[in-house]
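Comments concern the structure below.
Chain A is the first sequence line, chain B the second, and so forth, proteins listed ahead of strands; every chain is numbered from 1.
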Amino acid sequence: MGRVLQPFEYYEPTTIAEAVALAAVPDASLLAGGCYLVPGMRCGIVRPRRVVSVMKVEGLDGFGLDSRGELRVGAKVKIRELRWLARIPGRAALSDAAEKLQPADIGNMGTLVGNVCSAVPFYDLPVALTALGAEVRISDGVSERTLPVDEFYPAPRTTAAQAGELVTSIALPPIPPNSGSAFGKIAKAPRREGDLNRVSAACFVALDGERETIVDAAIAVGNCGVGPRRVPAVESAIRGRPAAPETYARAADAAAAGTAPMTDAAWVEETRRALVRALVRDALEQAADRARSPARS
Amino acid sequence: MSDELSYVGKRLARPDIAPRVTGQAEYTEDIVVAGMLEGRPLRSPHAHARIRSIDTSKARALPGVVAVITHHDVPARRFTRSTLSEAMPAHTYSRERQDQYVVSEKARFIGDWVAAVAAEDIYAAERALELIEVDYEPLPAVFDPFCALEERAPRIHDDAPGNVAFEADFAYNCGDVESALAAADVVVEFSGVNSRQKHLHLETDAAIAWWDVDGRLTVISPAQGPHLARRHLSKRIFTDVEEGDIRWITPSIGGSFGARLALGVEPLAVMLAKVAGRPVRVTTTREEDFSGYSSRTDQHQTIRVGGARDGTITALEQQIVSDSGAYLSQSASTSMVNLKHTLGVFRCPNLRGHAKVVYTNTPTTSGFRGYGNPEGAFVLQQAVDMFAEQLDMDPVEVRLKNIRRVGDPSLFPPRVLEHTQLERCIRVAAERFGWKQKWSGWGRAEGGRRGRGVGMSALTNTTSAGGSLLEHSNAAIKVAADGSADLIVSPSEMGQGILGGLRQVAAEASGLELERIRVLTGDTDVTLFDIGSHASRSMSVIGMAVVDAAAKVKDQIRALSVARFDDATVTTERIEVREGRVFLEDDPGRGFDVREVAHDAIYNFGSAGAQIFATGSHISSGPSPNHQAAFAEVEVDTATGQVQVLKYVVAHDIGRAINPQLVEAQLEGGAVQGLGFALTEELTVDPDSGRVLSDSLFAYRLPTSMDVPDMENILVEDPAPVGPYGAKGVGEAPMASPAAAVANAVYDAVGIRIHCLPIAPDRVLWQLLHEGAEEAAGSSRVTGQFVRPSEQTARRQDDDGQRARREASA
Amino acid sequence: MDPMQQSAAPAEAAAPVRPITKEIGAFRVNGREREAVIEPHMLLVDVLREQLGLTGAKRACATGHCGACTVLVEGVPIRSCITLAITVREDSISTVEGLASSDGALHPLQQAFVDHAASQCGFCTPGMLMAATALLRSNSSPTRDEVALALKGNLCRCTGYVKIIDAVLDAADRAAKGAT
């Protein structure tokens, strides 16, 4: 825990190939907005000897839809740009999470990709991305591979990106009609080692043409483990069910029951499950309401 | 004499606000002293550990490192961090436990200082810290005060058996509580504990120190009470330097709230400067602040209220077990002040209180705005509501029936209460809030995810600690030849605007023009002795010293003016001075500017020149407590446990607002800080490791601009007999009510009583899920252990038995 | 293992890009060209305070939470305590010292803070003013709720925010009425 950072090598490459080559050495870190890395270095949590900025690399600032309706967010795109997604009910979970970031200025400095790559277990954006079925596009300078966001965290505070790779973008799949999504979180005090400072959940719901029945759903529970966690059993259980309070309540109960404990304090876990239940229920309801809202351009 | 005031009661801008909005205000870290080194402490990673050895050789060898100190280099004298201790009378002073060295000989909490470095730049200093090799022998540690009291608990201080740092009865126990409780129609009991609220002054702790060749020591730091601080430093630690040879400079202070009534890094800076032979600046991080040496003390309390069927309270008892952390700072004082306030709100002939302060291997706790009152209010006001519920009485009526009136004992017996408008506050606030419409009795409407409820509290808060502390303030005013003046005072301006307020008082009482008065403060070489700002005393006590000096200045002006009128019928009795003008009261057209007299007082080529100058002093021997009545409306989401404050109305009996705008600012800021105390602020410590888990603003949640409820602060002004122009203190008053009123409102909303602050979502949820169960009474902050009332009784009976035996054999 | 670190890899490929060690940053600060020697590990807040003598921006948390270090970079509010100075060396920076006009007249926001007693200890004030400046540039007549939302990332421990919001609304009001 220091007042200042200690010296490191610093590079500003202009191509992906340069960046991955520079970062392929031991004790190297990639730098985007720095919202995690810089204070992390100050506190001594991370101690790279070399820092490689991606912010001058060409081609990483795309933010838009392709012809199939997939939304790509390039590595340099700042979090504040995500506010535009509020207009798209099926993607609003991500703008919810961005809007609820404290402080909001982080949106001016941090990037979505950087936020995801920080692998901080209590970060919000990965939870929303998980519910939206997002994928991480990883490049080694020659070719790209893709991983679903909820497979991107193999271990605590670790991503699946290897040495010699960098994440070029995050892609959100095309959204079906009559879909909606939402994200919510509740702050709490960390009560034991390993406990986190919040609980969050994000839900995605697609309704049928009459907007009465759930045809597809995704539920992501956040801050209850290494990374955001989908609950596939609950999701398949509510497919085909009416988009109504009883459905949300039952799904929320199931999601809560499946929340693994993070501490051995019974009351902390009991209340964590209760918070998960409330968040999942509310996010499902809000997602369904948004799915029913009039189509917006 | 006209009753109209020129400056008092007016919303006037502070003289020191412009530099704050331009970025020019100088705080300690903004100051550069030529040649200064950067100092940083090394902190223990263990909660309790013997230091077998420390090897500093590698650190010393690092280029740029000038000094490295360990316990072997510091004075072998222990001290308490609390500088306020220097204002205590001898019998209390001797009870203030002196229990720490400048750098510790044994690590007693994670974060305890074990070494320190001074280097040419901060980068070298921090690299050097990593090169210091400490061989620790970890020891068993204890993190909960009740565990620390147990027979087999590890001993934290060799000279504190049972880990008891302090223990005492309430100073004003009276009557026979046991009999009164036995005879009472209704007895209720409630236990609760507050959390370790962090002061979170935005300015992190820092200090600059250097020794001159002639042996004078200069310290620059945001101390809250520098005259006491330098005395403490000289008397307790660096005994080879006289108090008067220490110059303490306090620049702008970035918030304090009581934290700076204790030493921070100053002893480190002084020590490093001594060894290095150069000025040293020591700085800290916010993480170090979180796991450091200042926070509100968590006080575990059990309160019993007994009374008659008509609502009269006949017995009040309060037992406190406080967690001092690893060292004693102000936990003893705040525990005693808790007793004083809590047992001092209501008229009651049978009072009993007892406080025990316990060491644990956790960060040191200290004193925070309110200083025991907010801690106690949270428990007391819930207990009183429980009492009211048993009688099916309106909470407002129960308070009105029992609050102290003029003539009743005050907070400081044997003095009587000379002034109170608490009843008016209760009535006015209740009406403005709409209590009669909102409170629907003790039953509760069931159902619905969200429940709404209302609650109240009625409190008293001391203004100054006259009778307990040396309440001594001095002020001086000197008038320059141009008629401008310097007001020399030594409060601690930490944002409350006291310099502006005192300037208004000085201008009013002296007749000088406000805008031509400068305020000199913040340098013990310049200012006269003052114990500083705390206990909401600055206006009510320092203000009286200012009035004293100002009145003398006015007398001098009048005396010097007689000759100027060149009229044999003019005597001093006819002369008035106001807003910088001297004139005849009965013929205001005849007069002149003060500057003419001020000029002549100096530029007198005769033999009778003397600059217009006066000192004033005031020693307060008794407080003039202020009072508040607060009403809160909340909505509780029973699915998430979140509590939202919909409306908050408080009436304050403050005597008179010298500057209503500044008073409002204090009340608003204190209310929001109090709501943080009530709802979101929680310093959590892991019960297994003793590590502070909430060591950043991610986890420790301060109120933001989005957390301000619909709030109204009503000023009830009825000039008090003590205080300049009838003003009482106001600084701490707003802190105590929010948690108390909100807790009662939560009960009205959803039928649960929260025993542990803050009223956090997970605690609310747990209470709702376990309502009615015995364990639902809440948990001690650290281990989940709840001290059942019967256990408290058992302990107390034990103590009583021992005391009776001692007395019998005496 | 830290996610941003790459694990041990085979021999480093040829990297023609040279590292940036020390630079002379020619910042445009408050409309003037100022030079500072910047090493990559230096924080913007420290460069401003210690090399350029602009001590308005404060270190209070150094994790980017509290906003006491807020400055504008290319007009956008950022947290200088978690910004490496080297990453903004080509950008224009605005600090509180640049708000008042060259003849010393206070900026309307500053004057409003004075008039409303919106500054108590003053430690949050510079950052608060910069955040408010950014707000009023993007939204010249905000509602009370919009002001509260815009300032929610700037923590104040003293005021309880009420008078700060009053001051910002007043400044917006005066500007709307044409008084500058």
(request) With a 4.5 Å cut-off on heavy-atom pairs, point out which of C/Gly56, C/Cys156, C/Ser119 contacts chain B the most. (result) C/Ser119
(request) Output the distance between atom NE2 (C/His116) and atom CD (B/Glu664), rounded to the nearest 0.5 Å. (result) 11.5 Å
(request) Mind listing the closest non-hydrogen atom pair of C/Cys121 and B/Met494 along with its distance? (result) CB-O, 3.3 Å
(request) Please assess B/Asp30 against C/Lys58 for the test salt bridge (charged side-chain N to carboxylate O under 4.0 Å, His left out), listing each intermediate value before the final yes or no. (result) CA-CA 9 Å; B/Asp30 299 331; C/Lys58 302 297 182 205; 2.8 Å; yes
(request) Please report the closest heavy-atom contact between C/Phe123 and B/Tyr27, naming both atoms and the distance. (result) N-OH, 3.5 Å
(request) Look up atom OG1 in C/Thr159 and atom CD in B/Glu668, then write down how far apart they are to the nearest 0.5 Å. (result) 8.0 Å
(request) Select one option (side chain, backbone, both, neither) describing which atoms of C/Leu99 are under 4.5 Å from chain B's heavy atoms. (result) neither
(message) I need the C/Thr55 OG1 to B/Glu26 CD distance, nearest 0.5 Å.
(response) 7.0 Å
(request) State, with a plain yes or no, whether a side-chain heavy atom of B/Glu29 is found less than 4.5 Å away from one of C/Arg49. (result) yes
(message) On a heavy-atom basis, which atom in C/Leu151 and which in B/Ser705 lie closest, and how many Å separate them?
(response) C-OG, 3.4 Å
(message) Which atoms of B/Phe257 are under 4.5 Å from chain C, going by heavy atoms: the side chain, the backbone, both sets, or neither?
(response) side chain
(message) I'd like to know if the side chain of C/Tyr161 reaches the main chain of B/Pro703, judged simply by a donor and an acceptor atom lying under 3.5 Å from each other, with no hydrogens or angles considered.
(response) yes
(request) Select one option (side chain, backbone, both, neither) describing which atoms of C/Leu106 are under 4.5 Å from chain B's heavy atoms. (result) side chain
(message) Report which part of B/Ala671 has an atom under 4.5 Å of a heavy atom belonging to chain C: side chain, backbone, both, or neither.
(response) neither
(request) Please name the pair of heavy atoms, one in B/His199 and one in C/Arg157, separated by the smallest distance, quoted to 0.1 Å. (result) O-NE, 2.9 Å
(message) Shorter than 4.5 Å, heavy atoms on both sides: which option in B/Ser256, B/Gly23, B/Ser252 has the most such pairs with chain C?
(response) B/Gly23
(message) Is B/Val21 in contact with chain C via its backbone, its side chain, both, or neither, using a 4.5 Å heavy-atom distance?
(response) both
(request) Would you give the length of the straight line joining atom CZ of C/Arg59 to atom OG1 of B/Thr283, rounded to the nearest 0.5 angstrom? (result) 7.5 Å
(message) Under 4.5 Å from any heavy atom of chain C, what part of B/Leu662 do you find: side chain, backbone, both or neither?
(response) side chain
(message) Within this structure, what is the CD1-CG distance for the pair B/Ile122 and C/Asp46, rounded to the nearest 0.5 Å?
(response) 8.5 Å
(request) Check whether C/Gln111 gets within reach of chain B through its side chain, its backbone, both or neither, counting any heavy atom under 4.5 Å. (result) neither
(message) So which residue, C/Ala117, C/Cys66, C/Pro126, ends up with the most heavy-atom pairs under 4.5 Å with chain B?
(response) C/Ala117
(request) Drop me the distance from B/Ile17's CD1 to C/Phe113's CZ, to the nearest 0.5 angstrom. (result) 9.0 Å
(request) Taking B/Arg20 for its side chain and C/Gln120 for its backbone only, find out whether a donor-acceptor pair lies under 3.5 Å. (result) yes
(message) So for C/Asp115, is it side chain, backbone, both, or neither that comes closer than 4.5 Å to the heavy atoms of chain B?
(response) backbone
